[in-house]
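Source: prediction; values computed, not measured. Below, read A as the first sequence line, B as the second, and so on, with proteins coming before strands; counting in each chain starts at 1.
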Amino acid sequence: AQTVTQSQPEMSVQEAETVTLSCTYDTSESDYYLFWYKQPPSRQMILVIRQEAYKQQNATENRFSVNFQKAAKSFSLKISDSQLGDAAMYFCANFGNEKLTFGTGTRLTIIP
Amino acid sequence: GAVVSQHPSRVICKSGTSVKIECRSLDFQATTMFWYRQFPKQSLMLMATSNEGSKATYEQGVEKDKFLINHASLTLSTLTVTSAHPEDSSFYICSARLQGGEKLFFGSGTQLSVL
């Protein structure tokens with residue numbers, strides 16, 4: 001069984017600052033993928049960043065980067081230069097055994 | 001990019017009626033589609049995995065007779081909530097998987113309200 005844990009229900013950050021969202025996971029699969037999704041008030045799920053478990057190099061997408069610690073089963077998301085449009089729910093997710101399992105989410109607030 | 005269309009976006013129905021939600025992959029073939037349910041301020045919970053041409057696989061605790069899933073073509077999966085009750089009111093989201101890949105593309109969701 002797969003589990004994904006997000007221990008921060010809410011986070012806030014000053015505009016232009018950096019914030020890190022935490023995520024830990026557990027899986028028995030050797031081949032899996034990790035994702036961060038953003039869900040704004042429209043509730044459309046938007047893919048933020050993706051990491052293949054077999055790759056040691058941390059994924060980056062513009063202002064978004066991850067810190068993937070495979071041995072610790074940790075997958076945190078760093079948002080640099082936070083913008084007002086980054087305000088949303090962020091979900092960490094694990095795709096393995098043909099299923100995508102989500103964490104409980106972190107609500108990110110951007111303070112102008 | 002890959003687009004998934006979900007319809008309707010919002011539906012209100014009376015208790016005891018059935019409601020059908022459609023999920024279409026517009027520009028790619030999706031051999032697998034997933035149906036999720038999301039309660040307010042909660043995460044997405046996988047309800048079932050829908051494979052084209054075969055029976056859906058339901059997660060534990062999901063009533064297959066209540067949530068009928070049909071995946072008759074490579075671009076269309078439907079979820080029918082039968083004999084809906086107020087406790088079925090929720091946000092339902094579908095996602096489609098590119099064949100052989102791990103990327104999932106999401107529909108825009110359906111808010112179901114049962115009166």
Side-chain angles (χ1 to χ4, degrees), chain A residues 1-11 21-25 27 29-55 59 61 75 87-109, chain B residues 1-11 21 23 30-52 54 56-62 71 89-113:
Chain A
Q2 297 172 179
T3 60
V4 179
T5 302
Q6 292 178 251
S7 59
Q8 305 155 315
E10 296 182 352
M11 291 282 284
L21 308 184
S22 301
C23 172
T24 58
Y25 64 94
T27 181
E29 302 293 319
S30 57
D31 184 21
Y32 58 92
Y33 299 81
L34 297 165
F35 302 87
W36 278 97
Y37 284 91
K38 171 184 177 181
Q39 189 180 41
S42 67
R43 294 198 281 187
Q44 174 71 54
M45 297 296 285
I46 301 168
L47 177 64
V48 175
I49 200 165
R50 162 181 170 268
Q51 174 83 42
E52 297 97 327
Y54 61 85
K55 285 189 177 179
E61 285 289 342
F75 183 62
M89 280 292 289
Y90 286 81
F91 292 99
C92 179
N94 177 5
F95 185 82
N97 192 25
E98 307 297 307
K99 294 181 183 181
L100 186 64
T101 301
F102 288 91
T104 50
T106 297
R107 180 171 299 281
L108 179 64
T109 301
Chain B
V3 178
V4 175
S5 173
Q6 186 172 343
H7 180 80
S9 58
R10 184 179 295 274
V11 58
I21 302 169
C23 181
T31 52
T32 305
M33 289 188 176
F34 303 88
W35 288 94
Y36 291 85
R37 184 173 182 177
Q38 186 179 30
F39 288 108
K41 298 185 179 181
Q42 294 190 24
S43 187
L44 284 74
M45 300 302 297
L46 180 64
M47 298 175 65
T49 302
S50 165
N51 291 298
E52 185 265 337
S54 62
T57 302
Y58 290 82
E59 295 300 300
Q60 192 172 9
V62 178
H71 193 162
S89 298
S90 186
F91 190 65
Y92 294 87
I93 308 177
C94 72
S95 68
R97 179 186 178 189
L98 273 171
Q99 189 172 4
E102 80 293 345
K103 287 186 180 179
L104 298 190
F105 299 93
F106 287 82
S108 53
T110 298
Q111 178 64 51
L112 170 64
S113 299

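The two residues B:Leu104 and A:Tyr37 come nearest to each other via the heavy atoms O-OH, 3.7 Å. Considering every non-hydrogen atom in both B:Phe106 and A:Leu100, the closest pair reads CZ-CD2, 3.9 Å. Summarising the geometry of A:Glu98 relative to B:Phe34, their closest heavy-atom pair is O-CE2, 3.3 Å, with the distance given to 0.1 Å. Residues A:Phe91 and B:Gln42 come closest through the heavy atom pair CZ-O, 3.9 Å.
One distance of note links CZ of B:Phe105 with CG of A:Leu47; it measures 8.0 Å at 0.5 Å rounding. Atoms OG1 and CG, from A:Thr101 and B:Leu46 in turn, are 7.0 Å apart once rounded to the nearest 0.5 Å.
For the pair A:Lys99 and B:Thr57, the minimum side-chain heavy-atom distance is 4.5 Å or more. The shortest distance between side-chain heavy atoms of B:Leu44 and A:Met45 falls below 4.5 Å.
With a 4.5 angstrom heavy-atom cutoff, B:Gln38 touches chain A only via side-chain atoms. Looking at A:Phe102, the atoms closer than 4.5 Å to chain B (heavy atoms on both sides) sit in the backbone and in the side chain alike. In this structure, chain B has a heavy atom under 4.5 Å from the side chain of A:Phe35, while its backbone stays farther away.
Counting heavy atoms of neighbouring residues, nucleotides and ligands inside a 6.0 Å radius, atom CE of B:Met45 does not exceed 12 of them.
Of the possible polar contacts, one joining the B:Ser43 side chain to the A:Gly103 backbone as a donor-acceptor pair under 3.5 Å is found.
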